[in-house]
Amino acid sequence: MAKIINVIKGTKDILPQDVSSWHRLEETALDVFSKYGYKEIRTPIFEATELFARGVGDTTDIVNKEMYTFEKSDRSLTLRPENTAGVVRSFIENGMARLSAPVKLWYHGPMFRYERPQAGRQRQFHQVGVEMFGVKQPAADAEVILLAVNYLKALGLNDLTVEINSLGCPSCREEYKRKIKEVLKPEFENLCEDCQNRYEKNPLRLLDCKVESCKEIFEKPEIKKVIQADFICDECAEHFSELKFYLNKMGVKYSENKLLVRGLDYYNRTVFEIKSNNLGSQNAVCGGGRYDSLVRNLGGDDVPAVGWAMGMERLNSLLPPVEAEKLDAYIVSNSPADAFMLAEDLRCNGKAVEFDLSNKKFTKQLEKAAKVAKFALILCEDEIKSGTVSVKNLDTSEQKTVNKNEVLTLI
RNA sequence: GCGGGUGUCGUCAAGUGGUUAAGACCUCGGAUUGUGGUUCCGAUAUGCAUGGGUUCGAAUCCCAUCUCCCGCCCCA
């Protein structure tokens, strides 16, 4: 036997019995998002590497060590690790800034990140997400969060936790970062290795370190004072409190988490996450926020934006499996030609119908019918001779012999 | 990238150095030449993630690689 070739690490087949679960996610998305005026967009799976370097940010792990990058004709291309950069690229390239604001887009599809696989994390995984362009007011942030909550609700997920935070704008955040670095400078040598890296890369990330020795350092009064200070400027604070006003008004339950820092560089002001307790350590099903400078950084006009993405595998693992649909009918016949004609006729009338192509014995065919269909349509010598079909309800065992053209009224 | 665990049929599993690797489910065939989902019989791993090694003898011990899982990092 020839050597078997396996799926590659961190990737998975979505098998026929699981596809219905994915349809549920996609159909519910189309249904819910449409009500909020979102239009679906489909962008390529790969893009210029530079798009992600500039878009996602070259200090992030995603760009630094997790991208699938390859060269073709002297160009560096990358399998998309997330889709906000791609959607923004398309927004700019197709002149969508000239459309009447807001421009509301949604997408779903595979993303690729070279990470160590574990529960709830694969190298090829799927996201469904939304992006709204052109509204700087906090009502946009609120609508986008409400949309996420209602999408989850429509799927049957009610008990998830929404966490929100404000990262401030570039100027107040830089000031905050500077202060954190300043106050921690004397302790730098005592920080754990990860924190020493974060010190330069993303000081905000220092705050939720789980190492005991670091936690102790952060507990020191003079340091705690800086960390816990409300650093954001008046305008950002106003934006944040308006967002909370809308969320309260709409009955969205949330908690504030000062340690919530999305890992992508492009976020400013609002960031949020929706978490589940039933997912192990990869517990976020949704993450997003505002990214007012991304469109400009990628060469477009100054267009504010806000959006989020959800991990579809994680959603599916929280949802009960979808029951397989049975066929409307399975034809039991020892005459393939007659079975063919009856099946085609019913299929043309919108019914899902199959019959045994290998002409097995009667009992085997009926056994199969009971397994896969709601009705068995028996079409053997007697029926063929008289132009009838015996219609058997496989749940109740009721059977009725009717004229061929009456079958449709029974199944 | 770092640390820990794991791997026997399509699936769930027994087996922990000694003749032909239990069992269950699924699948297929038969009992049953036109009535199923209950029952009864039978079939299905020269093979134990892969490759080496130790041994008279290995699914069982050792080494390497791979997979999946758990934690860290990070993220959806």
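Residue numbers begin at 1 in each chain, while the letters A, B, ... track the order of the sequences.
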- Please state how far atom CG in A:Asp356 lies from atom C1' in B:rC28, giving the value in whole angstrom units. 13 Å

- Task: Check whether any side-chain nitrogen or oxygen of A:Ser281 sits under 4.0 Å from OP1 or OP2 of B:rC70, and answer yes or no.
- Result: no

- Item | Minimum-distance nucleotide (side-chain atoms of A:Lys364 versus B:rG36, B:rG29, B:rG34) | B:rG29

- Residues touching RNA chain B, which here means a heavy atom under 4.0 Å, drawn from residues 106-118 of chain A: A:Arg113, A:Glu115, A:Arg116, A:Gln118

- Note on the structure: Whole-Å distance, A:Arg123 CZ to B:rG1 C1', equals 11 Å

- Message: If I take atom CG in residue A:Leu366 and atom P in nucleotide B:rU33, what distance separates them, rounded to the nearest angstrom?
- Response: 14 Å

- Query: Can you check the A:Gln365 CD to B:rG34 P distance for me, whole Å?
  - Reply: 10 Å

- Taking OP1 and OP2 of B:rU27, is either one under 4.0 Å from a side-chain nitrogen or oxygen of A:Lys371? yes

- ring pair (Phe, Tyr, Trp, His ring centres under 6.0 Å) assessment of A:Phe46 paired with A:Phe112: CA-CA 10 Å; A:Phe46 60 95; A:Phe112 305 85; over 10 Å; no

- Item | A:Glu182 and its salt bridge (charged side-chain N to carboxylate O under 4.0 Å, His left out) partner, picked from A:Arg178, A:Lys185, A:Lys179 | A:Arg178

- Message: Regarding A:Asp141 and A:Tyr246, do their side chains bring together a donor and an acceptor under 3.5 Å, going by distance alone?
- Response: no

- Task: Check RNA chain B against residues 375-383 of chain A and give the residues with a non-hydrogen atom under 4.0 Å, in numerical order.
- Result: A:Ile378, A:Cys380, A:Glu381, A:Asp382, A:Glu383

- Query: Quantified in whole Å, what is the P atom distance between nucleotide B:rC75 and nucleotide B:rG4?
  - Reply: 25 Å

- Query: In whole Å, what separates the P atom of B:rG10 from that of B:rC48?
  - Reply: 13 Å

- Query: Can you check whether A:Lys361 has a side-chain N or O nearer than 4.0 Å to OP1 or OP2 of B:rA31?
  - Reply: yes

- Item | Aromatic A:Tyr114 / basic A:Arg123 pairing, under 6.0 angstrom, 45° off normal | yes

- Item | Anti/syn call for B:rG47, syn if |chi| within 90° | syn

- Do A:Ser397 and B:rG37 share a donor-acceptor pair, side chain to base, under 3.5 Å? yes

- Task: Please assess A:Arg42 against A:Glu40 for the test salt bridge (Lys or Arg N to Asp or Glu O under 4.0 Å), listing each intermediate value before the final yes or no.
- Result: CA-CA 7 Å; A:Arg42 301 190 182 194; A:Glu40 185 176 350; 2.7 Å; yes

- Message: Rounded to whole Å, please give me the gap between CZ in A:Arg121 and P in B:rA76.
- Response: 11 Å

- Message: If I take atom CD1 in residue A:Ile62 and atom C1' in nucleotide B:rC73, what distance separates them, rounded to the nearest angstrom?
- Response: 13 Å

- Whole-angstrom distance between B:rC69 and B:rU27, as gauged at atom C1': 29 Å

- Query: Just checking A:Lys275: base, sugar-phosphate only, or nothing, at a heavy-atom cut-off of under 4.0 Å?
  - Reply: nothing

- Nearest-nucleotide wise, let me know which of A:Ile8 and A:Met310 is further upstream toward the 5' end of RNA chain B. A:Ile8

- Item | Base B:rU67 to side chain A:Lys9, donor-acceptor N/O within 3.5 Å cut-off | no

- For RNA chain B, determine which residues of residues 24-38 of chain A have any heavy atom closer than 4.0 angstrom to one of its atoms, and list them numerically. none

- Query: With distance as the sole test, does A:Asn268 use its side chain to make a donor-acceptor pair with the main-chain N or O of A:Gly168 at under 3.5 Å?
  - Reply: no

- Query: To the nearest Å, how far apart are A:Asn393 CG and B:rU35 P?
  - Reply: 19 Å

- Item | Atom C1', compared across B:rU65 and B:rU6: separation rounded to whole Å | 15 Å

- Item | Under 3.5 Å donor-acceptor pair, A:Gln399 side-chain atoms to B:rU35 base atoms | yes

- Task: Once you apply the 3.5 Å cut-off to both distances, tell me the Watson-Crick or G-U wobble partner of B:rC68, or none.
- Result: B:rG5

- Query: Distance between the P atoms of B:rG5 and B:rC9, in whole angstroms?
  - Reply: 23 Å

- Message: Can you give me the closest heavy-atom contact between A:Arg24 and A:Pro320, atom names plus distance?
- Response: NH1-O, 2.9 Å

- Pair A:Lys392 + A:Glu398, salt bridge at N-O below 4.0 Å: no

- Item | Pairwise C1' distance for B:rC74 and B:rU50, with rounding to whole Å | 31 Å

- Message: Applying a 4.0 Å non-hydrogen cut-off, can you work out what A:Gln282 is touching in the nucleic acid: base, sugar-phosphate, or nothing?
- Response: base

- Mind checking the C1' distance from B:rU55 to B:rC62? Whole angstroms is fine. 12 Å

- Taking the side chain from A:Ser34 and the backbone from A:Leu30, do they hold a donor-acceptor pair closer than 3.5 Å? yes

- Message: Of the listed nucleotides (B:rC69, B:rG29, B:rG34), which one gets closest to any side-chain atom of A:Phe362?
- Response: B:rG34

- Task: List the steps and the verdict of salt bridge (Lys or Arg N to Asp or Glu O under 4.0 Å) for A:Lys12 and A:Glu313.
- Result: CA-CA 10 Å; A:Lys12 277 203 170 93; A:Glu313 281 82 359; over 6 Å; no

- Task: List the steps, then state whether salt bridge (Lys or Arg N to Asp or Glu O under 4.0 Å) holds for A:Glu143 with A:Lys104.
- Result: CA-CA 11 Å; A:Glu143 187 186 271; A:Lys104 299 174 172 183; 2.9 Å; yes

- Item | Donor-acceptor pair, side chain of A:Arg296 and main chain of A:Val303, under 3.5 angstrom | no

- Message: Base, sugar-phosphate or nothing for A:Gly120? Non-hydrogen atoms, less than 4.0 Å.
- Response: base

- For A:Ala119, answer base if it contacts any base atom (sugar-phosphate contacts may also be present), sugar-phosphate if it contacts only those atoms, and nothing otherwise; contact means non-hydrogen atoms under 4.0 Å. sugar-phosphate

- Nearest-angstrom distance, P atom, B:rU38 to B:rC28: 14 Å

- Counting N and O atoms only, with roles assigned by atom type, does the side chain of A:Gln137 sit under 3.5 Å from a partner on the main chain of A:Ala139, one being a donor and the other an acceptor? no

- Message: Side chains of A:Glu383 and A:Ser390: any donor to acceptor distance under 3.5 Å?
- Response: yes

- When rounded to whole Å, the CG to C1' distance for the pair A:Leu260 and B:rA76 reads 13 Å

